[in-house]
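Remember, it's 1-based here, ligands and their atoms both numbered in the order they're listed. Quick caveat, the model's predicted, so the values are computed rather than measured.
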Amino acid sequence: MFYRIVNDQIQLHLTHPHQTEELFALTDRNREFLKQWLPWLDKVQGPEDSRHFLKEQLQKYAEGTLLTVLIYYEGKIAGVMGFHQIGQSNRTAEIGYWLGEEYNGRGIITACVRELIKIGQEYLKLQKIIIRCATDNARSRAVPLRLGFELEGTFRRAENLHGRWIDINVFGLLLEENSHEPSD
Ligand SMILES: CC(C)(COP(=O)(O)OP(=O)(O)OC[C@H]1O[C@@H](n2cnc3c(N)ncnc32)[C@H](O)[C@@H]1OP(=O)(O)O)[C@@H](O)C(=O)NCCC(=O)NCCS
């Protein structure tokens, strides 16, 4: 399959239905961990939901609206990340990510976001990348801060996460402008 090497241990793979069982197993065993910060866990009840996600992401990649990849760590699926909401006209995109709890604390997401920034700049010709995190999601906030993003502001009560309101920090990274003009 099509993948990008991040380092000796990490690869980023385009989504494909053959990853269904492994992705569902990772999601299912990390359900409670991920639910602290992500809203969609209740929608993933069985492997068919993971299969639908993988196919949908691949289709949207073909349409140019997002780029979702599975993170492989030492040959196993460790998490998911990507650019969602790629804005063609203003060449801006947002990065989202998650890892299974057992893969936290190893620098995996920081290395992957660094690689995704390169892809965004070289391939998608982005001029700005955004990361949004809950203000009290310390692990997630640490990622953009480690990579030189700047805090641009806070949306108060931006999201209702399983019954509690959360405030969201918005971090931005301005990329070097290149010669490409907006496509529309
Ligand atoms: C957010 C999330 C991906 C962060 O994972 P993470 O493992 O903390 O982030 P990284 O993979 O970049 O690893 C950083 C950690 O590895 C350590 N580390 C080890 N080697 C490292 C290296 N080479 N480079 C950077 N950090 C390294 C760092 O010290 C840090 O650990 P610490 O927080 O104990 O100091 C993860 O906690 C998660 O999936 N949470 C649930 C879902 C979620 O919140 N998603 C984001 C929604 S906005």
Side-chain angles (χ1 to χ4, degrees), residues 3-13 15 19 22-45 49-50 53-54 57 66-87 92-120 126 128-173:
Y3 63 87
R4 178 145 169 153
I5 296 169
V6 177
N7 59 34
D8 287 349
Q9 293 163 308
I10 307 171
Q11 296 176 349
L12 305 177
H13 287 235
T15 60
Q19 298 143 333
E22 194 181 346
L23 177 62
F24 177 70
L26 178 73
T27 309
D28 202 36
R29 72 175 178 270
N30 282 285
R31 199 172 280 283
E32 294 313 312
F33 171 68
L34 297 173
K35 252 180 127 166
Q36 296 175 89
W37 303 114
L38 299 173
W40 45 261
L41 274 300
D42 291 344
K43 292 186 189 147
V44 184
Q45 292 300 328
D49 299 315
S50 296
F53 168 79
L54 291 164
Q57 300 301 298
L66 53 69
L67 167 59
T68 299
V69 289
L70 297 196
I71 300 162
Y72 280 72
Y73 181 76
E74 296 184 340
K76 295 197 173 117
I77 299 175
V80 180
M81 75 179 316
F83 286 118
H84 48 88
Q85 298 180 12
I86 297 173
T92 301
E94 273 188 49
I95 290 179
Y97 42 72
W98 64 266
L99 283 176
E101 190 171 12
E102 64 266 42
Y103 294 103
N104 274 229
R106 305 179 201 211
I108 296 174
I109 281 294
T110 299
C112 290
V113 171
R114 194 178 282 122
E115 195 66 24
L116 209 55
I117 292 168
K118 279 192 222 160
I119 295 171
L126 299 176
K128 180 173 181 179
I129 295 176
I130 293 166
I131 295 180
R132 293 173 196 258
C133 324
T135 51
D136 52 352
N137 190 346
R139 280 193 165 273
S140 187
R141 288 182 83 255
V143 176
L145 289 171
R146 229 178 254 129
L147 292 171
F149 285 64
E150 287 186 30
L151 179 62
E152 298 196 345
T154 304
F155 291 135
R156 296 175 300 161
R157 287 192 196 165
E159 199 180 311
N160 191 300
L161 189 64
H162 310 297
R164 79 182 169 99
W165 286 107
I166 55 169
D167 296 347
I168 300 272
N169 277 161
V170 180
F171 295 93
L173 180 71

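Listed by chain and number, residues touching ligand 1 at under 4.0 Å (heavy atoms only) are Phe33, Leu34, Trp37, Leu38, Tyr97, Trp98, Leu99, Asn104, Gly105, Arg106, Gly107, Ile108, Ile109, Thr110, Arg132, Cys133, Asn137, Arg139, Ser140, Arg146.
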Side-chain donor-acceptor distances from residues 131-149 under 3.5 Å, at least two apart:
{"residue": "Arg132", "atom": "NE", "partner": "Glu94", "partner atom": "OE1", "Å": "3.1"}
{"residue": "Arg132", "atom": "NE", "partner": "Glu94", "partner atom": "OE2", "Å": "3.0"}
{"residue": "Arg132", "atom": "NH2", "partner": "Glu94", "partner atom": "OE2", "Å": "3.3"}
{"residue": "Asp136", "atom": "OD2", "partner": "Arg164", "partner atom": "NH1", "Å": "3.4"}
{"residue": "Asn137", "atom": "OD1", "partner": "Ser140", "partner atom": "N", "Å": "3.4"}
{"residue": "Ser140", "atom": "OG", "partner": "Tyr97", "partner atom": "OH", "Å": "3.2"}
{"residue": "Arg141", "atom": "NE", "partner": "Asn169", "partner atom": "OD1", "Å": "2.7"}
{"residue": "Arg141", "atom": "NH2", "partner": "Asn169", "partner atom": "OD1", "Å": "3.1"}
{"residue": "Arg146", "atom": "NH1", "partner": "Thr110", "partner atom": "OG1", "Å": "2.7"}

For residues 25-33, please give each side-chain donor-acceptor pair under 3.5 Å, one per line with the distance, not counting sequence neighbours.
{"residue": "Thr27", "atom": "OG1", "partner": "Leu23", "partner atom": "O", "Å": "2.7"}
{"residue": "Asp28", "atom": "OD1", "partner": "Arg31", "partner atom": "NE", "Å": "3.0"}
{"residue": "Asp28", "atom": "OD1", "partner": "Arg31", "partner atom": "NH2", "Å": "2.9"}
{"residue": "Arg29", "atom": "NE", "partner": "Glu102", "partner atom": "OE2", "Å": "2.9"}
{"residue": "Arg29", "atom": "NH2", "partner": "Glu102", "partner atom": "OE2", "Å": "2.8"}
{"residue": "Asn30", "atom": "OD1", "partner": "Glu101", "partner atom": "N", "Å": "2.8"}
{"residue": "Asn30", "atom": "ND2", "partner": "Leu26", "partner atom": "O", "Å": "2.9"}
{"residue": "Asn30", "atom": "ND2", "partner": "Glu102", "partner atom": "OE1", "Å": "3.4"}
{"residue": "Arg31", "atom": "NH1", "partner": "Leu41", "partner atom": "O", "Å": "2.9"}
{"residue": "Arg31", "atom": "NH1", "partner": "Val44", "partner atom": "O", "Å": "3.0"}
{"residue": "Arg31", "atom": "NH2", "partner": "Val44", "partner atom": "O", "Å": "2.6"}

Residues 66-81 side chain polar contacts: donor-acceptor under 3.5 Å, at least two apart:
{"residue": "Thr68", "atom": "OG1", "partner": "Gln57", "partner atom": "OE1", "Å": "2.6"}
{"residue": "Tyr73", "atom": "OH", "partner": "Gln9", "partner atom": "NE2", "Å": "3.3"}
{"residue": "Glu74", "atom": "OE2", "partner": "Gln9", "partner atom": "NE2", "Å": "3.1"}

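In this structure, Ile95 and Val113 have side chains that are in contact, with non-hydrogen atoms separated by less than 4.5 Å.
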For a side chain to side chain contact (heavy atoms under 4.5 Å, CB included) check, start with the C-alpha distance between Lys118 and Glu115, then their side-chain angles and the critical distance, and finish with the verdict. CA-CA 5 Å; Lys118 279 192 222 160; Glu115 195 66 24; 3.4 Å; yes
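With His13 contributing its side chain and Arg4 its backbone, the two residues share no donor-acceptor pair below 3.5 Å.
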